[in-house]
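These numbers were taken from a predicted model, which means no experiment stands behind them.
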Amino acid sequence: MLNVVVLVSGGGTNLQAIIDAVENGTITNTKIAGVISNNKNAYALERAKKHGIANCCISPKDYVNRATFNQKFLEKMDELNPDLIVLAGFLVVIPPEMIAKYRNRIINIHPSLIPSFCGTGYYGLKVHEAALARGVKVVGATVHFVDEGTDTGPIILQKAVEVEEGDTPEVLQRRVMEQAEWKILPKAIDLIANGKVKVEDGRTHIISAGSQSPS
């Protein structure tokens with residue numbers, strides 16, 4: 001059973017997609033051990049409560065400096081004993097110590113087809129605003145492992161979404177969520193829970209049924 005901790009900052013729509021997928025069996029062999037937010041007013045915490053999932057707020061604002069926050073954050077994470085940490089709209093930089101300790105056990109969902117519209121400054125609506133300003137015809141979402149860079153870790157899954165005439169950033173954001181994010185994030189968790197994702201030389205390999213793991 002994969003013990004999952006989900007990190008959120010806002011409404012928690014991706015968290016809801018994960019909860020629904022666990023409850024309806026789309027994600028197998030998985031338990032959500034806890035939800036952590038940096039924002040005590042995040043609706044994501046309410047979503048967790050409604051489903052009986054342990055939840056708490058740990059915010060950098062509540063500590064004298066970032067080093068102290070990082071230490072308390074890592075302590076709380078260790079307490080929950082996760083096999084996988086899922087960043088589902090989490091707007092706090094993950095401490096290097098946590099990345100090192102949970103190497104290839106932290107994943108993130110990003111609302112673009114990496115390497116387009118990713119990296120520092122690209123989050124939330126800003127990603128969709130940039131895509132529309134550039135005039136791209138196809139956008140999408142990416143699930144990737146987290147490393148010390150910003151959106152630079154090994155890619156697990158991607159799904160494309162078409163841009164439509166007259167799209168606003170808000171409309172495009174919603175379509176990317178519905179057609180890509182809420183589908184590939186649960187799928188990635190299920191693959192990991194069933195031992196079907198392997199990282200090798202900075203790239204991921206999806207191990208299909210009956211196939212041999214890359215040597």
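When hydrophobic residues (I, L, V, M, F, W, Y) are linked wherever their side-chain heavy atoms come within less than 4.5 Å, the members clustered with M177 are W182. Hydrophobic clustering, defined by side-chain heavy atoms of Ile, Leu, Val, Met, Phe, Trp and Tyr closer than 4.5 Å, groups I155 together with I114.
Within the 4.5 Å cutoff, side-chain heavy atoms of I206 are placed close to those of I156. Within the 4.5 Å cutoff, the side chain of C56 has heavy atoms near those of the K76 side chain. Side-chain contact between R103 and D147: present, with at least one pair of heavy atoms (C-beta onward) separated by less than 4.5 Å. In this structure, the side chains of V8 and F90 stay at 4.5 Å or more apart for every pair of heavy atoms. Residues V139 and H128 form no side-chain contact, since every pair of their non-hydrogen atoms from C-beta on lies 4.5 Å or further apart.
Every residue two or more places apart in sequence or in another chain that forms a salt bridge (charged side-chain N to carboxylate O under 4.0 Å, His left out) with E178 is listed here: R174. Applying the side chain to side chain donor-acceptor pair (under 3.5 Å) criterion to Q158, with sequence neighbours excluded, gives T142. Looking at residues two or more places apart in sequence or on another chain, you find no side chain to side chain donor-acceptor pair (under 3.5 Å) involving T30. For the side-chain contact (heavy atoms from CB on, under 4.5 Å) test, residues two or more places apart in sequence or in another chain that qualify with Y123 are L91, K126.
For the atom pair L84 CG and N3 CG, the distance stands at 10.0 Å (nearest 0.5 Å).
Here the side chain of D20 pairs no donor or acceptor atom with the backbone of A17 at under 3.5 angstrom.
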Test N65 against T68 for side chain to side chain donor-acceptor pair (under 3.5 Å), laying out the working first.
CA-CA 6 Å; N65 53 46; T68 305; 2.7 Å; yes

Could you check S9 against N38 for side chain to side chain donor-acceptor pair (under 3.5 Å), going step by step and ending with a plain yes or no?
CA-CA 6 Å; S9 289; N38 63 302; 2.5 Å; yes

Side chain to side chain donor-acceptor pair (under 3.5 Å) between N194 and T28, worked out:
CA-CA 8 Å; N194 290 283; T28 58; 2.8 Å; yes

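A continuous path of Ile, Leu, Val, Met, Phe, Trp and Tyr side chains, each step under 4.5 Å between heavy atoms, connects V197 with I109, placing both in one hydrophobic cluster.
For R175 and E181, the salt-bridge test fails: no basic side-chain N is under 4.0 Å from an acidic carboxylate O. A salt bridge is defined here as a Lys NZ or Arg NE, NH1 or NH2 lying under 4.0 Å from an Asp or Glu carboxylate O, and K101 with D78 meets this definition.
Enclosure of atom NZ in K183 is not indicated, since only 12 or fewer non-hydrogen atoms of other residues, nucleotides or ligands lie within 6.0 angstrom. Heavy-atom contacts from other residues, nucleotides or ligands closer than 6.0 Å to CD of E162 number 12 or fewer.
Checking N70, I99, I85 one by one against I94, the side chain to side chain contact (heavy atoms under 4.5 Å, CB included) holds for a single residue, I99.
The nearest pair of heavy atoms linking G119 to D151 is N-OD2, 2.9 Å.
Between the side chains of S37 and N39, no donor N or O sits under 3.5 Å from an acceptor N or O.
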